[in-house]
Amino acid sequence: MAKGGFNGGRMSGGMNMNMIKQAQKMQEEMLRRQQEVEEKEFSASAGGGMVTAKVNGKRELVSLEIDPDAVIEAEVPEDVEMLQDAIIAAINEAMRKAAEEMSGTMAKLTGGLNLGF
């Protein structure tokens, strides 16, 4: 038989049709789960709750809430800097949660193989 051909349901190199179907099914499941995570929202607060950031699973900022009292109290530059730091902290924590969820979801599907998700 010529090399590189089809041999009784088996492709050369040891891949059979069943393995290809399993790989396709796994890829479809990964895409479905990835879309599910991308649609979720993750929120985090900072500065004692004065700032709350919400991101989606695509790691896009969806909303940012700032307690009006925090703005009123920001009378001096140090207060403004503290508010800015709280905003950054809240966004970064929400982004971390989204990334962690995506990584965990993909790790469950791939059995811990590092495929760059």
**Message:** For A94 versus F42, what's the shortest heavy-atom pair and its separation?
**Reply:** CB-O, 3.7 Å
**Request:** Search all heavy atoms of E101 against all heavy atoms of V37 and return the closest pair with its distance.
**Result:** CG-CG1, 3.8 Å
**Message:** How close do L61 and K54 get, counting heavy atoms only, and between which atoms?
**Reply:** CD1-O, 3.5 Å
**Item:** Interatomic distance, Q22 atom CD to N16 atom CG [nearest 0.5 angstrom]
**Value:** 8.0 Å
**Request:** Over all heavy atoms of both residues, which pair between L83 and M50 is shortest? Give the atoms and the distance, please.
**Result:** CD1-SD, 4.0 Å
**Item:** From CG (N56) to CD (E38), nearest 0.5 Å
**Value:** 8.0 Å
**Request:** Could you tell me which non-hydrogen atom of M102 sits nearest to which non-hydrogen atom of G57, and how far apart they are?
**Result:** CE-O, 4.2 Å
**Prompt:** Is atom CD of E29 surrounded by more than 12 heavy atoms (other residues, nucleotides or ligands) closer than 6.0 Å?
**Reply:** yes
**Asked** If you measure from CD1 on I87 to CG on L64, what distance do you get to the nearest 0.5 Å?
**Response** 5.5 Å
**Asked** Can you tell me how far CD of E60 sits from CE of M95, rounded to the nearest 0.5 angstrom?
**Response** 8.5 Å
**R32 and E36: CA distance, side-chain angles, deciding distance, salt bridge (Lys or Arg N to Asp or Glu O under 4.0 Å) verdict** = CA-CA 6 Å; R32 185 182 67 76; E36 286 176 1; 2.3 Å; yes
**Complete:** Output for pair (Q35 CD, K58 NZ), nearest 0.5 Å, gives 9.0 Å
**Prompt:** When rounded to the nearest 0.5 angstrom, what distance separates CD in E78 from CG in D85?
**Reply:** 12.0 Å
**Complete:** On a heavy-atom basis, the closest approach of A46 and A89 is CB-CB, 4.0 Å
**Message:** Please determine whether residues V80 and I66 belong to a single hydrophobic cluster, defined as Ile, Leu, Val, Met, Phe, Trp and Tyr linked transitively by side-chain heavy-atom distances below 4.5 Å.
**Reply:** no
**Item:** Evaluation steps, side-chain contact (heavy atoms from CB on, under 4.5 Å), between E93 and K97
**Value:** CA-CA 6 Å; E93 178 62 14; K97 287 179 179 181; 3.7 Å; yes
